[in-house]
Amino acid sequence: MEECEISLANKVDLVRGKNVEGNSEKEKFWNLVYKKSQVILGETRDWVSNTSNISALLYHEMNSFEDKSWVNWVGLYRVNKNVQNQLILGPFQGKIACVKIAKGKGVCGTCWSRGTTVLVPNVHEFPGHIECDSVSESEIVLPIIVNNQVVAVLDIDSPVLNGLNNEDQKGLENIVSLLERGCDW
């Protein structure tokens, strides 16, 4: 009889918040999500598998924090290796999304061209914002950088004005750091 291996979902569920440290509930939340992300990235180095699971983890964990609907879209845009200056849609959770984004356009393209995180408290005030979902009110986009090159961006939309803040940015940047080191891009 073959021994049954525990599923990845069960491994992630076994990570509990009992010994998670932090100065605020939000910091504890992000530290717990970080630990769960480490479990996910321990399974494979495949970027599609890892970013699919990290997108799902972030979407569901963020929407269960304090029982609020905090985000409406979580996913990646990858630098298109076949078309110059274009991001192409990658794994995501949420409504149907824009498939292609030009470098320097919208929040994602701006993040890519700058190579730094872009936190937007009100998307309606961001010049050139690309509206994929009319419900989105705030957004954060983080670059995934490997060998000094942006290879993808992590995009998170919230239906709440000022729904994402500096504490979220710090937590998400730690998870992006795991993706940078834990995937074969």
Side-chain angles (χ1 to χ4, degrees), residues 2-17 20 29-65 69-101 103 106-109 111-112 115-118 132-133 136 139-158 164 168-185:
E2 283 188 42
E3 195 173 315
C4 185
E5 187 177 335
I6 186 169
S7 74
L8 178 57
N10 287 339
K11 287 179 186 177
V12 171
D13 285 343
L14 289 173
V15 177
R16 301 282 184 231
V20 177
F29 167 81
W30 282 117
N31 289 340
L32 179 60
V33 173
Y34 181 86
K35 287 183 175 194
K36 290 182 176 188
S37 299
Q38 288 177 309
V39 172
I40 290 170
L41 292 170
E43 289 291 307
T44 181
R45 292 193 54 82
D46 182 76
W47 77 267
V48 174
S49 297
N50 284 335
T51 58
S52 296
N53 279 328
I54 292 295
S55 294
L57 176 73
L58 290 172
Y59 184 85
H60 291 285
E61 292 290 326
M62 291 177 81
N63 281 326
S64 66
F65 180 71
S69 184
W70 184 9
V71 297
N72 57 304
W73 201 90
V74 175
L76 274 91
Y77 283 92
R78 182 173 161 88
V79 173
N80 190 338
K81 295 177 182 177
N82 300 316
V83 178
Q84 190 173 14
N85 295 321
Q86 183 185 79
L87 293 170
I88 190 93
L89 181 64
F92 72 93
Q93 298 281 307
K95 291 183 180 179
I96 295 171
C98 302
V99 176
K100 302 171 191 171
I101 298 176
K103 190 171 191 175
V107 183
C108 291
C111 172
W112 177 23
T116 60
T117 298
V118 179
C132 294
D133 183 351
S136 296
E139 184 172 4
I140 187 169
V141 183
L142 304 99
I144 298 173
I145 301 172
V146 177
N147 296 325
N148 298 317
Q149 297 289 320
V150 176
V151 295
V153 297
L154 174 63
D155 181 19
I156 300 177
D157 292 6
S158 174
L164 301 155
D168 302 315
Q169 179 175 336
K170 181 180 177 193
L172 289 163
E173 285 176 345
N174 288 335
I175 291 165
V176 162
S177 179
L178 287 175
L179 287 169
E180 291 168 343
R181 296 186 319 266
C183 297
D184 292 330
W185 293 95

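Note that this is a predicted model, so its numbers are computed, not measured. One-based numbering along the sequence shown.
- Taking the side chain as every heavy atom from C-beta outward, Glu139 and Cys108 approach each other to under 4.5 Å.
- Interatomic distance, Asp184 CG to Asn50 CG, rounded to the nearest 0.5 Å: 9.0 Å.
- Taken to the nearest 0.5 Å, the CG atom of Leu142 stands 6.5 Å off from the CD atom of Gln169.
- Between Val107 and the options Asp155, Asp157, Val141, a side chain to side chain contact (heavy atoms under 4.5 Å, CB included) holds for only Val141.
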Start with the C-alpha distance between Asn72 and Ser136, add both sets of side-chain angles, then the distance that settles side chain to side chain donor-acceptor pair (under 3.5 Å), and finish with yes or no. CA-CA 7 Å; Asn72 57 304; Ser136 296; 3.1 Å; yes
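- Here Glu61 contributes atom CD and Leu58 contributes atom CG; the two are 8.5 Å apart, rounded to the nearest 0.5 Å.
- In this structure a side-chain-to-backbone donor-acceptor pair under 3.5 Å is missing from Ser49 to Asp46.
- Under the 3.5 Å distance criterion, the side-chain polar atoms of Tyr59 are left unmatched by any main-chain donor or acceptor of Gly75.
- Taking each heavy atom of Gln86 and Trp112 in turn, the nearest pair found is N-CH2, 3.2 Å.
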Given Leu87 and Arg78, is the side chain to side chain contact (heavy atoms under 4.5 Å, CB included) satisfied, shown in steps? CA-CA 5 Å; Leu87 293 170; Arg78 182 173 161 88; over 6 Å; no
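- Taking every heavy atom of both residues into account, Leu76 and Ser55 meet most closely at CD1-OG, 3.8 Å.
- Between Ser177 and Arg181, some side-chain heavy-atom pair lies under the 4.5 Å cut-off.
- Aromatic rings of Phe29 and Trp70 (six-membered ring for Trp) have centroids within the 6.0 Å cut-off, being under it.
- Counting all heavy atoms, side chain and backbone alike, Leu41 lies closest to Gly182 at CD2-O, 4.5 Å.
- Expressed to the nearest 0.5 Å, how far OG of Ser52 lies from CD1 of Ile40 amounts to 10.5 Å.
- In this structure, Ile54 CD1 and Cys183 SG are separated by 8.0 Å, a value rounded to the nearest 0.5 Å.
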Just list the side-chain donor-acceptor pairs under 3.5 Å for residues 146-153, sequence neighbours left out, or say none.
none

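- You'll find the side chain of Gln84 stays beyond 4.5 Å of the side chain of Lys103, heavy atoms only.
- Atom CG of residue Asn53 and atom CD of residue Glu43 lie 9.0 Å apart, to the nearest 0.5 angstrom.
- Side chain of Glu180 to main chain of Ile145: a donor-acceptor pair is present (N/O by atom type, distance under 3.5 Å, no hydrogens or angles).
- Closest approach of Asn174 to Tyr34, counting heavy atoms only: O-CE1, 3.5 Å.
- Using a 4.5 Å cut-off on side-chain heavy atoms (C-beta onward), Ser37 and Leu57 make contact.
- For Phe92, the ring-ring contact (aromatic ring centres under 6.0 Å, His included) partners two or more places apart in sequence, or in a different chain, are Trp73.
- In this structure, the side chain to side chain donor-acceptor pair (under 3.5 Å) partners of Thr117, at least two apart in sequence or on a different chain, are Glu173.
- Side-chain atoms of Asn63 and Val71, non-hydrogen and from C-beta on, do get closer than 4.5 Å to each other.
- Closest approach of Val176 to Pro143, counting heavy atoms only: CG1-O, 3.3 Å.
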Begin with the C-alpha distance, continue with both residues' side-chain angles, and end with the deciding distance and a verdict on side chain to side chain contact (heavy atoms under 4.5 Å, CB included) for Ile156 and Met62. CA-CA 10 Å; Ile156 300 177; Met62 291 177 81; 4.2 Å; yes
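- Closest approach of Tyr77 and Val99 over heavy atoms only: CE2-O, 4.1 Å.
- Note: Trp185 and Trp47 have parallel aromatic rings, judged against thresholds of 30 and 60 degrees for the angle between ring planes.
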